[in-house]
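Working notes for the structure below.
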Number of protein chains: 2
Amino acid sequence: MARRGPNNGGEKRDRILRAAVKIFSRKGFFNSKVSEIARAAEVADGTIYLYFRNKDDLLISLFEEKMGEVVADVRRRIAVGGNALEKLRIFIESHMDLLERESGLVEVLQVELRQSTKFLKDYTPVKFFEYLEIISDILEEGKREGVLRPDLNTSIARRAIFGALDELSLTYILSRKPKYHPSVTAAELCRLLLEGLCVPGASAGKG
Amino acid sequence: MARRGPNNGGEKRDRILRAAVKIFSRKGFFNSKVSEIARAAEVADGTIYLYFRNKDDLLISLFEEKMGEVVADVRRRIAVGGNALEKLRIFIESHMDLLERESGLVEVLQVELRQSTKFLKDYTPVKFFEYLEIISDILEEGKREGVLRPDLNTSIARRAIFGALDELSLTYILSRKPKYHPSVTAAELCRLLLEGLCVPGASAGKG
DNA sequence: TCTGAGTGAATGGAGATTCATTCACAAGGG
DNA sequence: CCCTTGTGAATGAATCTCCATTCACTCAGA
């Protein structure tokens with residue numbers, strides 16, 4: 001439990017979280033100094049320890065809280081989608097859209113979450129699983145509606161979809177002068193997922 | 001340039017690299033101590049510095065050399081494939097196959113390469129780009145053969161494919177009791193990529 | 001006797017965390 | 001209304017631990 005902060009409402013706690021996103025995204029967790037984050041948040045080093053147990057706890061709190069906001073946002077957007085295909089498109093667009101609005105946040109989630117999931121003992125990325133779950137739900141709905149292949153393996157497909165999205169985001173983040181706008185990438189990925197790589201009617205069904 | 005080693009042939013250097021893979025995969029780069037790697041390689045701490053400039057150089061050398069072997073191996077396998085579709089399948093199977101044979105290596109490449117690409121100044125993952133390039137080549141070939149959609153965006157598709165593969169590998173690595181055998185995952189991914197998510201003839205072409 | 005690969009104890013620096021102290025404000029008493 | 005005192009948020013210099021890297025030394029082989 002990240003200790004509930006002192007102070008009014010916790011705007012200071014929030015300043016620290018935002019500063020952490022900025023510094024972690026710029027230099028990575030291990031290369032970031034607590035004192036740098038403190039400076040960026042305009043807070044004393046010790047203050048950080050009033051709101052977070054330690055550096056790890058700061059990272060984890062950041063993951064869960066920010067990812068929580070992302071999940072809530074995506075859910076809200078998807079709700080207005082008509083059928084599963086449209087929802088899937090919205091999901092993908094939302095993800096790529098987040099890149100532009102909060103690239104720092106996406107960088108941290110992308111690069112550090114992977115590390116942390118593996119090496120921080122007893123940390124389960126709850127909110128991240130929720131994010132994946134949203135994809136499953138869409139796929140299942142698509143099957144029920146009859147627009148998606150009924151024999152689709154949902155748990156493999158959702159990982160594949162997330163992986164594709166994740167890698168495309170990373171490419172965007174890492175290239176100084178991106179080749180494509182995120183929305184272009186989103187559209188292309190949608191098409192790839194729905195139609196596949198093959199020319200219509202080729203390899204697949206017939207033979 | 002990782003100093004060319006002393007000693008005969010460099011079997012000691014190789015011991016160090018293998019030990020590094022083991023330790024890095026188990027604890028991550030930043031949580032691994034040079035002395036641990038030395039112990040695992042049955043070598044003195046200082047010996048590591050006869051073969052590598054520093055800890056970073058050890059990681060980078062590991063990336064380039066091991067990734068180089070992977071690239072060479074995949075190229076060899078693909079060479080026997082008939083058309084592009086078959087080559088793509090072989091590529092995917094090779095990747096998933098590597099998971100079983102050298103899971104430690106894949107773990108390091110997966111989890112640390114991403115970090116390093118972003119935070120190690122002046123390191124370009126040459127061999128990794130070659131790996132991606134193999135996918136592009138297959139896709140281009142497929143277009144020429146007329147089995148893949150001619151309007152496919154190769155550079156986006158290759159990233160999407162790699163991302164899907166990468167995420168599925170990660171899932172396999174992180175779960176103690178994997179749900180599927182890598183070969184099952186490979187088959188499912190192939191189908192997903194080639195045919196897409198939709199029921200045959202649905203949303204896509206006709207509409 | 002000379003060379004240089006190999007060793008591992010000692011060093012130096014970095015940086016996470018602590019804690020004695022300050023300070024702003026609130027409550028109570030005169 | 002002003003002063004005294006209590007409370008706890010905030011501070012940041014000092015501490016304490018850890019570990020990459022160094023280098024004086026050993027010793028096997030030529």
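Labels below follow one simple rule: chain letters A, B, ... track the order of the sequence lines, proteins then strands, and each chain is numbered from 1. Nothing here was measured: the structure is a model prediction, and the numbers come from that model. These values consider heavy atoms only, across backbone and side chains, with no hydrogens, waters or symmetry-generated copies.
Between B:Phe91 and B:Tyr131, the ring planes lie tilted relative to each other; the angle falls in the 30° to 60° range. Aromatic ring pairs are classed by plane angle as parallel below 30°, tilted from 30° to 60° and perpendicular above 60°; the pair A:Phe30 and B:Phe30 is parallel.
Judged purely by distance below 3.5 Å, without hydrogens or angles, the side chains of B:Asn153 and A:Tyr180 pair a donor atom with an acceptor atom.
Atom CD1 of B:Ile16 is separated from atom P of C:dA5 by 13 Å (rounded to the nearest Å). Summarising the geometry, the separation between CD on B:Glu11 and C1' on C:dA5 is reported as 12 Å, rounded to the nearest angstrom. Rounding to whole angstrom units, CD1 of residue A:Ile37 and P of C:dA16 are separated by 8 Å. If you measure from atom OH of B:Tyr51 to atom P of C:dG4, you get 15 Å, rounded to the nearest angstrom. Taking atom CZ on B:Arg39 and atom P on C:dT7, their separation rounds to 15 Å, with Å as the unit. The CD1 atom of A:Ile48 sits 18 Å away from the P atom of C:dC19 (whole-angstrom rounding). Nucleotide D:dG12 holds its C1' atom 16 Å from the CD atom of A:Glu42, rounded to whole Å. Note: CD (B:Glu36) to P (C:dG8) measures 17 Å, nearest angstrom.
Each side chain to side chain donor-acceptor pair (under 3.5 Å) pair with one or both residues in residues 19-33 of chain A, not counting sequence neighbours, appears once here: A:Lys27-A:Glu36.
A sub-4.0 Å separation between OP1 or OP2 of C:dA5 and a side-chain N or O of B:Lys12 is absent.
A distance-only check finds a donor-acceptor pair linking the side chain of B:Glu145 to the backbone of B:Ala84 [under 3.5 Å].
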Donor-acceptor pairs are to be reported for all side-chain atoms of residues 38-46 of chain A against protein atoms at under 3.5 Å, with residues two or more places apart or in another chain.
none

* Letter per nucleotide, 5' to 3', of nucleotides 14-24 of chain D [B base touched, S only sugar-phosphate touched, - untouched; heavy atoms, 4.0 Å] -> -----SSBB--

